[in-house]
Amino acid sequence: QSIGLYEPNPTLAWHSMSNLSLVLHYVNDLVSLPVGICVTDVYKGKPSAVLGLLRTIRDRLDIEYALSKMPKHERSAFLIKELITTEQVYVSKLFLVIETLMTPARLSRPAMLSRGEVDAVFGNWKDIAFKHEAFLDCLRGAFPFKKIATYLDTSILFKLLDGLMSWIKPVYTTYILNYDASIPFCASLRKSNQRFDSLVARFEEAQAMDLYSFLILPVQRVPRYLLLVRELTRCTPQAEQLRACVAKFDAILHTVNERKRALDNTRKVRAIEASIHGTFASIGNQCYLREGFLGILGADEEDETRSYFFLFSDRLMLTRHIPNVSPCKDFKFDAVFWLKDADEVTDEMENEEAGAEDEGEGEDATESAASTTGSEPPEHETEGDERACMFGIIMKDFVLGLVAESEQSKLEWMEDLSSAIQKLKGK
């Protein structure tokens, strides 16, 4: 399954680290990783970190694995217990944020944050917390944890889930709509407000998790419900009502996933910004499209660094790939080409072929004669391959000539560039 903006064919250490970061964020968002598991340790193959990650994925995320280890008649009870347990953990984390961050930020004298600033960072967090606390109380009342029978009355569970679904979509949609803007706002607030930054830093140190891993918890909760209810329908007699719940959760999840994709993009953009050394205009909430090595036609051949491009919805950013130019930074900023100033993307190879046809039969006869006498062609085969990978971006005042690493890569770059340019033009 694709996780966020995962690079399926990593060619650089940057790709592998970025992929690992996405995977660890994904797992941590769902179940909270044990303390001590970090990207660097997993990347370096530290046994304790790798084994800890694998055990967490198997024991906490692979429900099918857990169910396969128990008799069929015990599975429904296990899933109900799992629902209650994960709900308890979720509610405890919601109130942890309220008690250790939101309340101190407002009640300290003078207040660290205004009410508007708290809402901008945390959205309707309190509303979510109190509603889930009530839902958890209902679950505990209907299914006392130590007395959960192997046979369950699905009608009771259906009523509880139906009540949950009556409010979960509007409440979570409100939170997710605020979330996209809350991440950059929180980062900006921490830079400008030292007291709030210190409060968050203490919180993160105590929890061994960053604040963003807490703020994303509501985004990840709905998929967990769907997973558990779907498994319940497979092992619970007379599960027609639960199947109706699955369909409703699917519809809710579609809305959540749309916002989750925006979150994945934000994380990717922030990771890219953090990996680039130098001063450049903030990428903001622009959409990440692709990245990779591209040669530049007419570039200084004595420059030993390779040009590495990042394409976003509003710009093409040129960097130089210089590993370890600075701690945790593999790229050095060089230039930016704004797509609003681009007219179109052109296939340089097609233009050259068209020009060759216009030269007439005289040149064809010369080439034929050369072939007959066995003389070498005027250009080496690899040069021809390079021409096939050439393309250009027609800017207002110049043409940016580029060379992709393969013809397939060239076509993909041209397609994404053309699409971004057309969207900016409103076509």
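These numbers come from a predicted model, not from an experiment.
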Heavy-atom side-chain proximity of Met390 to Asp347 below 4.5 angstrom: no
Any donor-acceptor pair under 3.5 Å from Glu117 side chain to Ser114 backbone: yes
Worked check of side chain to side chain contact (heavy atoms under 4.5 Å, CB included) between Lys423 and Ser313: CA-CA 8 Å; Lys423 284 182 180 179; Ser313 51; over 6 Å; no
ring-ring contact (aromatic ring centres under 6.0 Å, His included) partner of His321, the single match among Phe310, Phe309, Phe293: Phe293
Approximate separation, where rounding is to 0.5 Å, of Cys186 SG and Lys191 NZ: 11.5 Å
Minimum-distance pair of heavy atoms, taken over all atoms of Leu199 and Met112: CD2-SD, 3.7 Å
From CA spacing to verdict: side chain to side chain donor-acceptor pair (under 3.5 Å), Glu204, Tyr212: CA-CA 10 Å; Glu204 292 177 334; Tyr212 305 126; over 6 Å; no
Residue pair Arg315 / Phe337, side-chain heavy-atom distance below 4.5 Å: no
Residue pair Leu113 / Met102, side-chain heavy-atom distance below 4.5 Å: no
Evaluation steps, salt bridge (Lys or Arg N to Asp or Glu O under 4.0 Å), between Arg75 and Glu82: CA-CA 10 Å; Arg75 294 176 183 177; Glu82 181 72 7; over 6 Å; no
Gap between atom CG of Leu226 and atom CD1 of Ile252 - 0.5 Å precision: 9.5 Å
Candidate pair Tyr172 and His132, rule ring-ring contact (aromatic ring centres under 6.0 Å, His included), full reasoning: CA-CA 12 Å; Tyr172 275 71; His132 278 279; 5.7 Å; yes
Thr173 side chain to Lys169 backbone, donor-acceptor under 3.5 Å: yes
Side-chain donor-acceptor pair present, Arg221, Thr86, cut-off under 3.5 Å: yes
For Lys425 against Asp343, the heavy-atom pair lying closest together: NZ-O, 2.7 Å
Contacts of type salt bridge (charged side-chain N to carboxylate O under 4.0 Å, His left out), residue Lys126, not counting sequence neighbours: none
Backbone of Leu189 reached by a side-chain donor or acceptor of Ser192 within 3.5 Å: yes
Verdict with supporting geometry, Asp210 and Ser213, side chain to side chain contact (heavy atoms under 4.5 Å, CB included): CA-CA 6 Å; Asp210 62 26; Ser213 295; 2.8 Å; yes
Closest heavy-atom pair and its distance - Ile98, Pro104: O-CD, 4.1 Å
Over 12 non-hydrogen atoms of neighbours within 6.0 angstrom of CD in Glu273: yes
Modelled atom types, side-chain donor and acceptor of Glu87 and Tyr225, under 3.5 Å: yes
Student check: side-chain heavy atoms of Phe391 and Leu400 closer than 4.5 Å: no
Polar side-chain atom of Ser418 near backbone of Glu415 as donor-acceptor pair, under 3.5 Å: no
Carboxylate-amine/guanidinium contact Asp330 Arg320, below 4.0 Å: no
Whether Lys410 side chain and Ala388 backbone form a donor-acceptor pair below 3.5 Å: yes
Phe122: partners by ring pair (Phe, Tyr, Trp, His ring centres under 6.0 Å), with sequence neighbours left out: none
Heavy-atom closest contact (Arg195 atom, Ser108 atom, distance): NH2-OG, 3.4 Å
ring-ring contact (aromatic ring centres under 6.0 Å, His included) evaluation trace for Phe331 with His277: CA-CA 6 Å; Phe331 308 96; His277 177 77; over 10 Å; no
Heavy-atom check, side chain of Phe312 versus side chain of Val269, under 4.5 Å: yes
Stacked cation flag Lys268 on Tyr288, 6.0 angstrom / 45 deg: yes
Check: Ile84 and Lys81 side chains under 4.5 Å, non-hydrogen atoms: no
Met317 side chain reached by Ile276 side chain, heavy atoms, under 4.5 Å: yes
Evaluation steps, side chain to side chain contact (heavy atoms under 4.5 Å, CB included), between Asn178 and Trp125: CA-CA 11 Å; Asn178 178 77; Trp125 189 275; over 6 Å; no
Closest contact, heavy atoms only, Leu83 versus Leu228: CA-CD1, 3.8 Å
Electrostatic pair Arg202-Glu205, nearest N-O below 4.0 angstrom: no
Distance (rounded to the nearest 0.5 Å) between Leu339 CG and Ile393 CD1: 7.0 Å
Nearest non-hydrogen partners of Thr279 and Phe333, listed with the distance: O-CD2, 3.4 Å
Check: Ser307 side chain, Leu294 main-chain N or O, donor-acceptor pair, under 3.5 Å: yes
Rounded distance [0.5 Å steps], CG in Leu417 versus CZ in Arg290: 8.5 Å
Candidate pair Leu101 and Leu211, rule side chain to side chain contact (heavy atoms under 4.5 Å, CB included), full reasoning: CA-CA 10 Å; Leu101 288 177; Leu211 174 58; 3.6 Å; yes
Ser409 side-chain N/O to Ser406 backbone N/O, donor-acceptor pair under 3.5 Å: no
Inter-residue atom distance Trp338.CH2 - Asp314.CG, 0.5 Å rounding: 5.5 Å
Heavy-atom donor-acceptor pair, Thr319 side chain to Tyr308 backbone, under 3.5 Å: yes
Test item: Asp127 side-chain N/O and Val171 main-chain N/O as donor-acceptor pair under 3.5 Å: no
Within the 6.0 Å centroid threshold, strictly below: Phe130 and Phe95: yes
Any donor-acceptor N/O pair, Asn285 side chain to Thr266 backbone, under 3.5 Å: no
Heavy-atom side-chain contact between Val229 and Leu157 under 4.5 Å: no
Asp416-Ser419 side chain donor-acceptor pair, cut-off 3.5 Å: no
Straight-line distance of Arg190 CZ to Ser198 OG, nearest 0.5 Å: 9.0 Å
